[in-house]
Amino acid sequence: MNQNQLFRSTRWRLAGWYAGVMGLILGVSGFGVYEAIAHAHRVSADQELKSVAGMLHDSLEPTLRQPGRLETAAKRRLPNLCLMRDRTVDNQTQSTLGEFCTAERHTSPAHRLSAIHQGDYFIRFFDKSGQLIAQSGSPPQQLSTELIPENATEQSLLTLKDTSGLRYRHLVLALDTPTNQPWGYLQVGRSLADFDDYLASVRIMMLLGLPLAMLLVGVAAWWLAELAMRPIYQSYQQIQQFTADAAHELRTPLAAIRATVESVLRLACISEAESRETLQVIERQNYRLSQLVSDLLLLSRLDRKIQHNQWHLCCMQDLLNDIEEELAALAMTQQIKLTTDIQVDQPIQVLGDEEQLYRLIFNIVVNALHYTPAGGQVKVSLDCRDQWVLIHIQDTGIGIAPEHQKHIFDRFYRINSDRARVSGGSGLGLSIARAIAQAHQGTIQVHSESGKGSQFTIRLPKSV
Ligand code: ADP
């Protein structure tokens, strides 16, 4: 296939399209999977953050008595709470942790939320004016009072980035005293570093995997293109072979006519006998040509699936008797015993084109007569099994070697072309027979042994 320019370029184009489309589908699916992973992580992180913040808010709020002041009960609930020592320092200074806060350590086994122990959580308390009161965990370097939204009770989740580029997700909730006085704000947040690291590794895996996947897609596309084009290439080769064979077959009688005419034209004068002989040669070759052309036309009509409106019920007994009658003279000349054995009493009918069915059986019986030496036998029998009509044509002829058996139904195939030419065969007889059988939803099988004879079995659907 690769030697043919047209097929090679088509294969490249087809493989290119396959690879392109599959690459696009892979890319889009990869992006979709990535987005789905990111979304699932985002949603679960947000849910966790909301529930932690909600629980903290609900457990701390009843302990608050005085606005801006954390009671001991509240401090006990939080691990490693760091209270701001100097409330006068500016926000910038406050954000450098540790130096200005006193760690509150409580040994009492108070209920603590496990999520905020995990290291990536942080909690901050602000008074009404937005001044930092206390914090726990490791908040980002740049969180400030400005981050507290005006309507903090709406529980809006926000994402922040600190100076080092780390992302944080946080939630600010308003705190009130039991007497409904505004106490301040509770800010609960978590670092998105682990989440971002995970997504980065997924991205790297996808980026590294994509070229590899594309390479595999390319190889698969090249192979698939070859697979898809193979039957087209085979039928292209068959057409080429058929055209060459047909041209060759047509050339032979044409060359014979031309040679005969040329040789006669070279003579100064021709006798009546010579002109008659020339005309006879021309007539013979012309007959051969018209036979060939009508065979080719029949084959092309059978290939195009002829309309079935000309079909009618054909009696197989009548067909076999007609064939026997027509070939009796030929059999006698060749000293071959031709017999017909009909093993059924009631008429056997097949729905089809009578002329074609006649041609189908005729071709095989004629072959049997041609390839059986004098003194041999050709037996045609008709049988019926289930829904099938079986016609066996058995001869005691030269037989067909196993290596030729699978080719004899090919167009223009002749085992011994010289002998076949003498017998007048062009190698189309069996291909026409098979095409007719197939057009009638039937089959032809051959069993043969070199030197012993052959048996052809035609199987046609019986009409009920
Ligand atoms: P042809 O017109 O040459 O007979 P066919 O298509 O009818 O072409 O047959 C193809 C070839 O199969 C023949 O050339 C012949 O060699 C072989 N063949 C067909 N029928 C028989 C048979 N009954 N016995 C032996 N050889 C046969």
Side-chain angles (χ1 to χ4, degrees), residues 3-4 236-304 323 326-336 355-356 358-360 362-376 378 395 397-398 400-401 404 407-436:
Q3 276 80 49
N4 186 305
Y236 169 80
Q237 277 184 317
Q238 277 170 3
I239 291 168
Q240 272 200 325
Q241 184 65 43
F242 177 75
T243 315
D245 290 343
H248 180 76
E249 286 301 318
L250 290 169
R251 201 176 56 177
T252 315
L254 285 173
I257 292 171
R258 196 172 151 203
T260 312
V261 170
E262 273 175 5
S263 65
V264 172
L265 284 177
R266 249 185 253 123
L267 298 171
C269 59
I270 49 167
S271 64
E272 198 199 321
E274 279 169 336
S275 37
R276 190 169 288 279
E277 200 185 319
T278 309
L279 287 172
Q280 276 169 351
V281 172
I282 293 172
E283 191 199 14
R284 220 175 27 248
Q285 296 303 338
N286 188 45
Y287 172 77
R288 196 177 158 81
L289 270 177
S290 11
Q291 264 309 106
L292 199 63
V293 170
S294 67
D295 282 357
L296 289 173
L297 273 175
L298 176 63
L299 272 173
S300 101
R301 260 193 294 138
L302 288 167
D303 280 350
R304 278 187 280 124
I323 289 169
E326 190 175 338
L327 293 174
L330 178 70
M332 210 182 293
T333 331
Q334 298 198 339
Q335 295 163 31
I336 296 166
E355 208 179 304
Q356 287 180 6
Y358 186 91
R359 182 83 191 271
L360 156 63
F362 184 87
N363 279 5
I364 296 173
V365 181
V366 164
N367 273 351
L369 292 172
H370 278 154
Y371 300 106
T372 301
V378 173
D395 65 56
I398 56 170
I400 304 162
H404 293 297
H407 297 297
I408 54 170
F409 295 99
D410 294 349
R411 289 168 191 190
F412 296 111
Y413 189 83
R414 288 185 299 237
I415 295 173
N416 184 337
S417 46
D418 293 341
R419 191 206 295 254
R421 205 176 292 283
V422 169
S423 68
S426 58
L428 286 178
L430 286 181
S431 45
I432 289 175
R434 188 176 62 174
I436 295 172

Shortest non-hydrogen contact between L296 and F412, atoms and distance: CD2-CZ, 3.8 Å
Distance, nearest 0.5 Å, that separates CG of L297 from OG of S290: 11.5 Å
CD1 on I323 to CZ on F362, rounded to 0.5 Å: 7.5 Å
side-chain contact (heavy atoms from CB on, under 4.5 Å) between Q356 and L298, worked out: CA-CA 9 Å; Q356 287 180 6; L298 176 63; 4.1 Å; yes
I336 vs L330 side-chain heavy atoms within contact, under 4.5 Å: no
Approximate separation, where rounding is to 0.5 Å, of S426 OG and H248 NE2: 11.5 Å
Nearest heavy-atom neighbours spanning G429 and N363: O-ND2, 2.9 Å
Interatomic spacing from CZ in R434 to CG in L299 - rounded to 0.5 Å: 10.0 Å
Student check: side-chain heavy atoms of Q238 and D410 closer than 4.5 Å: no
For Q241, all residues meeting side-chain hydrogen bond (donor to acceptor under 3.5 Å, both in side chains), sequence neighbours excluded: D245
Listed partners of L250 passing side chain to side chain contact (heavy atoms under 4.5 Å, CB included), at least two apart: L289, L292, V293
Results of ring-ring contact (aromatic ring centres under 6.0 Å, His included) for Y236 - residues two or more places apart only: F7
Residues that R411 engages under salt bridge (Lys or Arg N to Asp or Glu O under 4.0 Å), provided they are two or more places apart: D303
Closest non-hydrogen atom pair between L360 and A433, with its separation: CD1-O, 3.2 Å
Distance-minimising heavy-atom pair for P373 and G397: CD-CA, 3.8 Å
I398 side chain reached by T372 side chain, heavy atoms, under 4.5 Å: no
Salt bridge (Lys or Arg N to Asp or Glu O under 4.0 Å) pairs, two or more places apart, involving residues 290-300: D295-R359
Sub-4.5 Å side-chain heavy-atom contact between F242 and Q237: no
Residue list, side chain to side chain contact (heavy atoms under 4.5 Å, CB included) with A401, at least two apart or on another chain: E403, H404, S450
Donor-acceptor contacts, no H, no angles, side chain residues 256-265, under 3.5 Å, sequence neighbours left out:
| unit_1 | atom_1 | unit_2 | atom_2 | d |
| --- | --- | --- | --- | --- |
| R258 | NE | E262 | OE2 | 3.3 |
| T260 | OG1 | A256 | O | 2.6 |
| S263 | OG | A259 | O | 3.3 |
| S263 | OG | T260 | O | 2.8 |

Partner residues of F409 under the ring-ring contact (aromatic ring centres under 6.0 Å, His included) criterion, sequence neighbours left out: none
For N367, all residues meeting side chain to side chain contact (heavy atoms under 4.5 Å, CB included), sequence neighbours excluded: Y371, L430
Inter- and intrachain pairs under salt bridge (Lys or Arg N to Asp or Glu O under 4.0 Å), touching residues 273-287, at least two apart: E272-R276
